[in-house]
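In what follows, every heavy atom counts, from backbone to side chain, and hydrogens, waters and symmetry copies are set aside.
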Amino acid sequence: RLQDAATAEKLDNFVVSLKELLLLQKEFRLHLIDPSGTSFIENLIAPANDPQLQSSSYTRSPKENELLGLRPENNPATNEESNEPYDPKNEVATFSVNCPHCNQLCANNMKVVDIPHFKEVVIMATVCDACGYRENEVKGATTIEPRGHKLTLTVTSVEDLKR
């Protein structure tokens, strides 16, 4: 404060603004930019359009694609034997894990399956030859959407933060 009173005053005003936002004494907008395109904010008045929520899609930049681990379209992963594009849906992945029952090594099989009208799921099966333990599991497999999402929510009450 002694060295730069103007900057100290700006910081004080900024802290006051943050406190007002925290206590929801002032309306604010929450901007969410999701390059993966998998984010979602609940529409509280569905199926009608929510006037407080704006959603749009955008084409990702090459840098965003790289950060998401996506390959450029002109350089797809290929199957080394056939030189065809690699598709994990066409094979069962098998790897060894410790059996949760007897702690011996056992096989864990995984397969990605696309269910119509839903997203992809991963079916997993663990089988232990030593003790006969078996376990099956189905998990949702979210994919990266072709385009990113931009979501903007106008926050006017605590209810808006419960979406």
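- Closest non-hydrogen pair, Y58 versus E64, comes out as OH-OE2, 3.3 Å.
- Counting non-hydrogen atoms of other residues, nucleotides and ligands closer than 6.0 Å to CG of N109 gives a total above 12.
- Pairs passing the salt bridge (Lys or Arg N to Asp or Glu O under 4.0 Å) check and including a residue from residues 5-15, sequence neighbours excluded, read R1-D12.
- The two residues T7 and D4 make their nearest non-hydrogen contact at OG1-OD2, 2.6 Å.
- One finds the OG1 atom of T154 at 8.5 Å from the CG atom of L53 (value rounded to the nearest 0.5 Å).
- For the residue pair E91 and K111, the shortest heavy atom distance occurs at O-CD, 3.6 Å.
- Cluster annotation: I41 and V158 are assigned to the same hydrophobic cluster (Ile/Leu/Val/Met/Phe/Trp/Tyr, side-chain heavy-atom contacts under 4.5 Å, transitive).
- Here the closest heavy-atom approach between residue C106 and residue V127 is recorded as CB-O, 3.2 Å.
- Under the 4.5 Å side-chain heavy-atom criterion for grouping Ile, Leu, Val, Met, Phe, Trp and Tyr, V97 is connected to V122 within one hydrophobic cluster.
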If you look only at distance, which donor and acceptor atoms sit under 3.5 Å apart when one is on a side chain in residues 16-33 and the other is two or more places apart or in another chain?
{"residue": "S17", "atom": "OG", "partner": "N13", "partner atom": "O", "Å": "3.2"}
{"residue": "E20", "atom": "OE1", "partner": "K26", "partner atom": "NZ", "Å": "3.3"}
{"residue": "H31", "atom": "ND1", "partner": "T152", "partner atom": "OG1", "Å": "3.1"}

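- Counting all heavy atoms, side chain and backbone alike, S55 lies closest to L151 at OG-CD2, 3.3 Å.
- Residue C99 holds its SG atom at 8.0 Å from CD of Q104, rounded to the nearest 0.5 Å.
- Counting heavy atoms from C-beta outward, F95 and M110 have side chains that approach closer than 4.5 Å.
- For N98, the CG atom is densely surrounded, since the number of other residues' heavy atoms within 6.0 Å is greater than 12.
- In this structure, Y133 and C102 have side chains that are not in contact, with every pair of non-hydrogen atoms separated by 4.5 Å or more.
- To the nearest 0.5 Å, atoms CD (E66) and OG (S61) are separated by 9.5 Å.
- Residues satisfying the salt bridge (charged side-chain N to carboxylate O under 4.0 Å, His left out) test with E137, not counting sequence neighbours, are K139.
- Side-chain atoms of Q52 and T156, non-hydrogen and from C-beta on, do get closer than 4.5 Å to each other.
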